[in-house]
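Sequential numbering from 1 along the given sequence is applied to the chain's residues.
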Amino acid sequence: MNILITAGGTSERIDNVRSITNHSTGRLGKAIGERFLAQGHHVTYVTTPQAVRPVNQANLSIIEIETTKELASTLLNQFEQQSFDGIIHGMAVSDFTTETTLSEDIFIEKLAAKLTNDNTLNDLTSLTEALYHSLDEIGQTVQQAKKIPSGTDRLLLFLKKNPKIIAMLRDHQPQAVLVGFKLLVGVSFEELVHVGSALLTKNNCDFILANDLEQIHDKQHVGILIDATGQTTTAQTKSEIAQLIVNKVEEKWRSQ
């Protein structure tokens, strides 16, 4: 099988020095990749600079990205070049990317200037609409500094929503066995399955691996693999999760 795996965590640049990222290490993705490779499959492994990854070997192609935008363009490029039998989308993708950054003084000056010039702000509705419009305009301010000065008491960081990468996978690779991931924190088994199943249906996945951050520590990593029929299988470690995913993907691929 020809397998695509995404793993690690994207980061979004604030300036040339600072970034916003998450705590994903890529360890689960590494375990899954190694298991597919051990079964003789070819793996294209898309990951991030700080994440762990399988050691270089035959049948393994590693591609590094940093931002969500780079991830999207890399995947689209890969989809133009080859067809995948299985896609394991385990990367922790940033929900938001940076739009611009302003010191509190500059922000207040810009907002005050915009509102002062508007003579129609005589009720709550018009004021609210003006604030939204002003924030939208200020958010589009181009960040000029390569390194934002630290001489301000408050720094206002504007974030805008990233597109959902998982939403585009089925459209571009309709033949692939698609596995998505969902991480929640401090929820019940029932809630994990409910949210995971909703994600599966929304994005037309074959499987979702739902897990709770509070059940990931040391050698333990509890993961619930949900299929399209709602059936669940629980694994207790990264190694067990990796083997479970490989088995299910192979089984689904053979039955197609």
Practice problem: Quick one: pull up CD in Gln39 and CD1 in Ile3 and give me the separation to the nearest 0.5 Å. | Solution: 11.0 Å
Self-check item: ring-ring contact (aromatic ring centres under 6.0 Å, His included) partners for His221, two or more places apart
Solution: none
Quiz item: Between Lys252 and Asp85, is there a side-chain N and carboxylate O pair less than 4.0 Å apart?
Solution: no
Self-check item: Trace of the side-chain hydrogen bond (donor to acceptor under 3.5 Å, both in side chains) decision for Gln175 with Gln173
Solution: CA-CA 6 Å; Gln175 77 293 331; Gln173 296 281 296; 3.0 Å; yes
Quiz item: Is there a donor-acceptor pair closer than 3.5 Å between any side-chain N or O of Thr201 and the backbone N or O of Ala198?
Solution: no
Practice problem: Please check if any side-chain donor atom of Asn247 sits under 3.5 Å from a side-chain acceptor atom of Glu251, or the reverse. | Solution: no
Donor-acceptor pairs under 3.5 angstrom involving side-chain atoms of residues 154-169: please list them, not counting sequence neighbours.
unit_1, atom_1, unit_2, atom_2, d
Arg154, NH1, Glu104, OE1, 3.2
Asn162, ND2, Thr68, OG1, 3.2
Asn162, ND2, Ser94, O, 3.0
Lys164, NZ, Asp95, OD1, 2.9

Quiz prompt | Residue pair His42 / Asn59, side-chain donor-acceptor N/O under 3.5 Å | solution = no
Quiz item: According to the ring-ring contact (aromatic ring centres under 6.0 Å, His included) rule, which pairs have a member within residues 185-220, sequence neighbours left out?
Solution: none
Quiz prompt | Result of checking Arg13, Glu12, Lys69 against Thr97 for side chain to side chain donor-acceptor pair (under 3.5 Å) | solution = Glu12
Quiz prompt | OG1-CD distance between Thr25 and Gln50, expressed to the nearest 0.5 angstrom | solution = 11.5 Å
Quiz item: Is a salt bridge present between Glu137 and Lys110, judged by a nitrogen-to-oxygen distance below 4.0 Å?
Solution: no
Quiz item: Side-chain heavy atoms under 4.5 angstrom apart, residues restricted to Ile, Leu, Val, Met, Phe, Trp, Tyr: same cluster for Phe181 and Leu192?
Solution: no
Practice problem: To the nearest 0.5 Å, tell me how far Thr10 OG1 sits from Glu66 CD. | Solution: 10.0 Å
